[in-house]
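To find a chain, count down the sequence lines: A is the first, B the second, and so on, and within it residues start at 1.
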2 protein chains.
Amino acid sequence: MAPNQKGNVDIVAVAKAAKVSPSTVSRTFNHPDLVSPATRKKINRAVQKLGYVRNRAAQMMHGKRSGTIGLVVPTINHAIFAEVIQAFSDAIDQAGFTLLLASHGYDLDREYEMVRKLMEHRVDGVALIGLEHSAATSRLIAQQETPAMAIWNYEEESELPCVGADNRLAGRMAAEHLLELGHRDIGLIFPDTRGNDRAQYRLNSVLEALREKGVSVPEHRMSEAPYSVAQAKQAAIRLFSGGARPSALLCGNDVIAQGALYGAQKCGLRVPGDVSIIGIGDFKGSADIEPGLTTIRIPAETIGSLAGQRFTEYITSDTREQFRLCCGLERVVRGTTCPAA
Amino acid sequence: MAPNQKGNVDIVAVAKAAKVSPSTVSRTFNHPDLVSPATRKKINRAVQKLGYVRNRAAQMMHGKRSGTIGLVVPTINHAIFAEVIQAFSDAIDQAGFTLLLASHGYDLDREYEMVRKLMEHRVDGVALIGLEHSAATSRLIAQQETPAMAIWNYEEESELPCVGADNRLAGRMAAEHLLELGHRDIGLIFPDTRGNDRAQYRLNSVLEALREKGVSVPEHRMSEAPYSVAQAKQAAIRLFSGGARPSALLCGNDVIAQGALYGAQKCGLRVPGDVSIIGIGDFKGSADIEPGLTTIRIPAETIGSLAGQRFTEYITSDTREQFRLCCGLERVVRGTTCPAA
DNA sequence: AAGATTTATGAAAACGTTTGCAATACTATT
DNA sequence: AATAGTATTGCAAACGTTTTCATAAATCTT
């Protein structure tokens, strides 16, 4: 009665219904040109009628690709990663792949576990955020010979193929903008840099660029905030409340910058009149906030798209030539910075 | 030499190395109690040495679960969904499942394609956002007998098991807050409601609640904006620029409300003095913006977590009893609303 | 119209696991 | 010391596909 009496509609059920052999059904899917149009029609009708859905797991056992790509991110719930994930997902979808997603909360040991988990599912490739990973992770990837890539950071000598931006340059550009405007007393709010090479690179290069111009940042001008508007707001308020306040704030990313901006507004400070604020990232929304946030734009969407395209090419090609793509940065001057008084 | 000479380390390679049969190796993983401690140790050593990683696809062919759950969302790049995805992912991860993620951009036909794609991978279950889906999707789910659930909406008579909030109530609560404050001239900014039952329900119930109090919303007080701060800002500016402006704005979600707030600030309007603004959702950041956004809180994280927990239970239990969980809403009055003049 | 190609199909082995059943090696009982 | 259990292991079939090889049918040569 029911077209699908048992729920186990497989290729042989289809074959039976179409009165052909399983081989022919399989061929209809994989090499349609080898099957006569008439038979193909019969088979398609049977597929339709029975509601057959291919079983990729079974295909995979014949050396076929699983058609999945694993992506391991620190966190999903994060403007910038969400944007990258979306773009990456769309790009690999275009190439017929499906995304297996896992997050580790900035814990490199958990990252290893996640990569391992994905490999149990025999992903055709695994993409990681950033270039800093545990030795165990690298070993696992090498051992399994799973194609792997890094997203978000670019480095000339990177171990893994990568598509991303130069975070050191980003930090430098932010610092130089402030310096050019004449700021010398600069406050810094950055996230914890452990297990986060992006933040690490940015912070180091900011400090370096400032030092080159003879500007040093005393301890009490530095604050740490996790990736959260609320906490960054608090951190900024703390920086502002101690005696003399800095003339400018350089924030490790736009979320923190946004929090800092609210913090300043809360303290009754005019931005940029009383204090200039610059972020890094140019997240969705940074342009629209009032006043518009000055920042260093990292093209998240481009990075995600490019990464997805390039990675699927890499996986499906048999040559497997390494790739390293550097996406350009852009200084976006909006309303939160102005010359020092 | 190399511990893994060919890349094809399978259960029989391990068996060979440990000098036991493949069956015993398999048992060591699945029923360790049936294997003597000594043998287990030998096998574990071999696993370690060869770097064996289990192949879930092969297990799956024995009626075992694939250990994956599919989640299909309208978009990933969206504060509220990112939060749900993160919580859902964490919850199913706890239960040993891996997330297969796909997005459809509010296109119900694409949603069908995505569900189908996930089913080819034999996900153990598929979770969808919202209760409105194409007939083809429902048929597919029924036919394949794949466990399915809806996230984000709650409805007593829902076809699918669901975990979510009552979007109609959310709309009503927002409207009533404004009415209680004495507002009668109310502007509305909502996203396109096609393929988006959440927005649909909210809008209808808002209109209904207003009508009950004899308040109608003329055409020129209604504006449509996609899920984007920038465009909502423009929409708000349009609403404000025509002659007499409304005394309050009710926005379909917090992103729109945020855009509206910036729009008001841009127009030199004081919020809430000149215009009150209320959103729906209470997204991350809504609390921190200046002034804090008044909104109807929908507990995204709770919903995602609960959905993940409940769904994995559902999948792993053999009883398969339906579930429908309604997560409570909360009116969060912050700084963007005040009594009408 | 007979042989030589070409095209379309089927049979069976293979992929990496799990598991029911059978076989063997212990241990406890008398 | 023989018997009955029990704990441990191996064999082989099964899962749903793909693919190689062989066969059968259709088409082309001359």
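Applying the salt bridge (Lys or Arg N to Asp or Glu O under 4.0 Å) test to residues at least two apart or on different chains, the pairs with a partner in residues 119-141 of chain B are A:Arg56-B:Glu120. Pairs engaging residues 304-321 of chain A under the salt bridge (Lys or Arg N to Asp or Glu O under 4.0 Å) rule: A:Arg310-A:Glu313 [sequence neighbours left out]. Sorted by first and then second residue, the salt bridge (Lys or Arg N to Asp or Glu O under 4.0 Å) pairs with a member in residues 14-30 of chain A form an empty list; sequence neighbours excluded.
For A:Lys117, the salt bridge (charged side-chain N to carboxylate O under 4.0 Å, His left out) test picks out B:Asp93, with sequence neighbours left out. A:Glu83 is linked by a salt bridge (charged side-chain N to carboxylate O under 4.0 Å, His left out) to nothing, counting only residues two or more places apart in sequence or in another chain. Here A:Tyr314 pairs with A:Phe323 under the ring pair (Phe, Tyr, Trp, His ring centres under 6.0 Å) rule; sequence neighbours left out. The ring pair (Phe, Tyr, Trp, His ring centres under 6.0 Å) search around A:His133 returns none, not counting sequence neighbours. Partners of A:Arg194 under the salt bridge (charged side-chain N to carboxylate O under 4.0 Å, His left out) rule, at least two apart in sequence or in another chain, are A:Asp192.
Taking every heavy atom of residues 24-36 of chain B and every atom of DNA chain C, pairs under 4.0 Å involve B:Ser26, B:Arg27, B:Asn30, B:His31, by number. Within residues 60-68 of chain A, the residues having any heavy atom closer than 4.0 Å to DNA chain C are, in order of number, A:Met61, A:His62.
Bounding nucleotides for the chain B contact on DNA chain C, 5' to 3', at a heavy-atom distance below 4.0 Å, are C:dG16 to C:dG20.
Evaluation of atom-type donor-acceptor distances gives no pair under 3.5 Å for the side chain of B:Ser21 against the base of D:dC11.
An OP1 or OP2 oxygen of D:dT9 is reached within less than 4.0 angstrom by a side-chain nitrogen or oxygen of B:Thr39.
Under a cut-off of 6.0 angstrom, the local environment of CD in A:Gln322 is crowded, with over 12 non-hydrogen atoms contributed by other residues, nucleotides or ligands.
Per the geometry, CD belonging to B:Glu120 stands 11 Å off P belonging to D:dT17, to the nearest Å.
When the C1' atoms of four end pairs are superposed on the next four at each end of the helix from C:dA1-D:dT30 to C:dT30-D:dA1, using five pairs per end, the two resulting axes differ in direction by 40°, to 10°.
For the residue pair A:Asp90 and A:Gln94, no side-chain donor N or O sits within less than 3.5 Å of a side-chain acceptor on the partner. There is no side-chain donor-acceptor pair under 3.5 Å between B:Glu111 and B:Ser134.
Taking the ring axis of B:Phe29 as reference, the NZ or CZ atom of B:Arg54 stays within 45° of it and closer than 6.0 Å to the ring centre.
Heavy-atom minimum distance, A:Pro22 versus A:Ala15: N-CB, 3.5 Å.
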